[in-house]
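Report on one structure; see the data block that follows.
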Number of protein chains: 2
Amino acid sequence: MVRYHKQTRILVAIDCIIFGFDGTELKLLLVQRGLEYEKGKWSLMGGFIQKDEDFSRGSARILKELTGLEGVYMEQLYAFGEVNRDPIERTVSVAYFALIDIHQYEKQLNEDYHAEWFPIKDTPKLIFDHQQMVDMAKEKLRYKAAFHPILFELLPEKFTLPQLQSLYEGIFDYQFDKRNFSRKLQSTKLLVKQKDKDKESSKKGAFYYKLDKRRYAANFHAFLNLIPNPGNLK
Amino acid sequence: MVRYHKQTRILVAIDCIIFGFDGTELKLLLVQRGLEYEKGKWSLMGGFIQKDEDFSRGSARILKELTGLEGVYMEQLYAFGEVNRDPIERTVSVAYFALIDIHQYEKQLNEDYHAEWFPIKDTPKLIFDHQQMVDMAKEKLRYKAAFHPILFELLPEKFTLPQLQSLYEGIFDYQFDKRNFSRKLQSTKLLVKQKDKDKESSKKGAFYYKLDKRRYAANFHAFLNLIPNPGNLK
DNA sequence: ATAATAAGTGTTTTTTTTACAATTAATAAT
DNA sequence: ATTATTAATTGTAAAAAAAACACTTATTAT
């Protein structure tokens with residue numbers, strides 16, 4: 001087989017940033033590093049890409065191996081290429097991120113795995129450049145959320161308006177007006193009201209909604225000024 | 001030196017997507033591939049990352065080597081990791097892109113290099129997955145242009161409002177209303193009117209403007225609905 | 001002097017966004 | 001059974017932004 005000559009071949013890693021939402025708070029999933037050097041320190045879920053594996057397969061495999069999570073839709077965040085970002089050996093890392101419904105994956109994420117959810121505002125020190133990765137992912141989540149009515153595939157199947165608002169408030173660390181928030185979402189016509197209610201969080205109960213997937217697919221790129229004064233975003 | 005064991009090391013390439021604007025039309029810079037296999041075919045400017053080189057140095061070096069261009073600010077687009085994207089040998093490619101003022105770099109891009117500008121709407125067939133890269137870069141350019149008042153570092157030093165409008169019209173392939181476009185831009189207070197005019201394109205001449213860099217830096221993330229009905233974007 | 005060309009500019013209407021508070025449904029306590 | 005409690009739900013008016021629309025102006029060439 002022909003190959004390119006005299007070129008440097010480099011380790012390529014994938015790191016997964018998994019945000020979770022439990023209906024109230026935004027959290028970050030972390031594991032304790034298994035490899036030598038910094039072993040035991042908190043870290044994103046990471047591993048090396050294999051010979052015949054592309055990024056999406058690789059990221060799915062790594063997430064599965066380290067947390068048990070399957071079927072999580074991840075999106076590419078950024079490729080990190082600093083020469084000394086991994087002190088053991090030069091490694092390029094392609095970071096992937098997702099936002100999932102914590103409850104939906106509760107069972108998969110069992111005791112066998114040493115993965116833990118941390119409140120996004122109270123995370124431990126991370127190895128290498130992982131904090132930088134998390135910060136960038138938060139920024140990207142905000143950016144997307146600011147202009148897209150729904151956080152993509154990232155929502156639970158069924159959700160209430162107060163939950164959705166909490167999610168946005170978690171992401172933006174800001175309080176929104178209930179009436180205006182609701183009106184803007186309804187105006188997208190992407191929400192289908194269900195007949196049942198979530199009674200967990202109030203006596204009255206809040207109606208569930210589902211995403212109208214047909215409309216959403218047809219309207220993937222619909223922009224919406226969901227938060228007031230987006231110009232105030234950092 | 002310690003290394004990670006039993007892991008696959010892979011070639012990492014950088015490919016550069018350079019859009020250019022000549023005051024009228026949006027163009028794409030291409031070169032004829034120098035390496036064997038598909039030699040002579042049109043291609044993005046690409047090369048392998050070297051041992052002690054990070055992405056930004058690497059992309060600058062590759063662009064310089066193949067086109068003579070220096071000092072171009074590029075931004076990371078996406079990492080492409082399909083297993084067989086390069087038929088010679090597995091290669092991961094990190095794509096970088098930029099939008100530059102064609103006239104400003106005219107001298108650097110001389111006959112020594114076999115780089116050519118193509119109208120964005122009339123580009124030749126490209127090797128590998130380079131067309132996919134270009135398409136994604138166009139999409140990202142649109143996304144940025146839709147919400148950011150000025151195309152970042154991507155503008156010529158001095159520009160006229162009609163030129164800027166042409167640029168946006170090129171990017172969006174859509175005609176805007178002069179009055180509304182002008183009013184929206186002026187409302188950002190980021191433009192400083194100059195005393196001289198560009199007399200190239202009309203008898204009356206159009207006043208030059210410069211970007212207020214102080215304000216821009218302070219306001220980097222300001223969002224602005226610069227195009228009508230952004231929801232109509234694909 | 002006049003014609004030709006593209007730049008520059010204002011107003012009205014419509015739509016969107018914002019600010020703001022009372023009512024309702026369900027349950028728990030008395 | 002009544003009442004208290006809690007959080008969900010809903011409307012309106014004022015302000016701001018966006019969109020639609022066409023004439024005037026500066027300059028050069030004829």
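Residue numbers begin at 1 in each chain, while the letters A, B, ... track the order of the sequences.
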Rounded interatomic separation in angstrom, taking [atom1] from [X] and [atom2] from [N]:
X      : N      : atom1 : atom2 : answer
B:R179 : C:dT11 : CZ    : P     : 13 Å
A:F176 : D:dT9  : CZ    : C1'   : 19 Å
A:F181 : D:dA8  : CZ    : C1'   : 14 Å
A:L191 : D:dT9  : CG    : C1'   : 15 Å
B:D177 : D:dA22 : CG    : P     : 10 Å
B:L161 : D:dT25 : CG    : P     : 20 Å
B:L185 : C:dG8  : CG    : P     : 13 Å

What nucleotide among [options] has an atom nearest to a side-chain atom of [X]?
X      : options                : value
B:A206 : C:dT27, C:dG10, C:dG8  : C:dG8
A:F207 : C:dA26, D:dT9, C:dG10  : D:dT9
A:P162 : D:dC21, D:dT28, D:dA8  : D:dA8
A:K184 : C:dA21, D:dA18, C:dT18 : C:dT18
B:R183 : D:dA20, C:dA21, C:dA19 : D:dA20
B:K199 : C:dA26, D:dT27, C:dG10 : D:dT27

Worksheet item: Do B:D15 and B:S93 get their side chains close enough for a donor-acceptor pair, meaning under 3.5 Å?
Response: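 Their side chains do contain a donor-acceptor pair, which is all the 3.5 Å distance test asks for.
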Discussion item. Quick check on DNA chain C: between A:N180 and B:S202, whose nearest nucleotide comes earlier from the 5' end?
Written reply: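 Whichever sits nearer the 5' end wins; that is B:S202.
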Discussion item. Assuming nearest nucleotide by heavy-atom distance, tell me which of A:Q186 and A:K203 is located more 5' along DNA chain D.
Written reply: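 First, find each residue's nearest nucleotide; the 5'-ward one identifies A:K203.
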Fill in: B:K144 NZ to B:I171 CD1 distance, which is reported to the nearest 0.5 Å
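If we round to the nearest 0.5 Å, B:K144:NZ and B:I171:CD1 are 11.5 Å apart.
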Discussion item. Looking at every non-hydrogen atom in both residues, tell me the closest pair between A:T24 and A:S166 and how far apart they are.
Written reply: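 Minimum heavy-atom contact is O-CB, 4.0 Å.
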Worksheet item: If you look at every heavy atom in B:S187 and B:K184, which pair is closest and at what distance?
Response: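 B:S187 and B:K184 have their closest heavy atoms at OG-O, 2.7 Å.
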Practice prompt. For the pair A:D212 and A:K189, find out whether any cationic side-chain nitrogen is under 4.0 Å from an anionic carboxylate oxygen.
Written response: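 Salt bridge between A:D212 and A:K189, a charged N being under 4.0 Å from a carboxylate O: no.
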Item to complete: Report yes or no: is there a donor-acceptor pair, N or O only, under 3.5 Å between the side chain of B:K204 and the base of C:dT5?
Response: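 Side chain to base: no pair below 3.5 Å.
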Worksheet item: If you look at every strand shown and take non-hydrogen atoms under 4.0 Å, does A:K178 touch a base, only sugar-phosphate, or nothing?
Response: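 A:K178: base contact, heavy atoms under 4.0 Å.
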Worksheet item: Base, sugar-phosphate, or nothing: which does B:S201 touch, judged by heavy atoms less than 4.0 Å apart?
Response: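 Sugar-phosphate: the residue B:S201, judged by heavy atoms under 4.0 Å, touches backbone atoms but no base.
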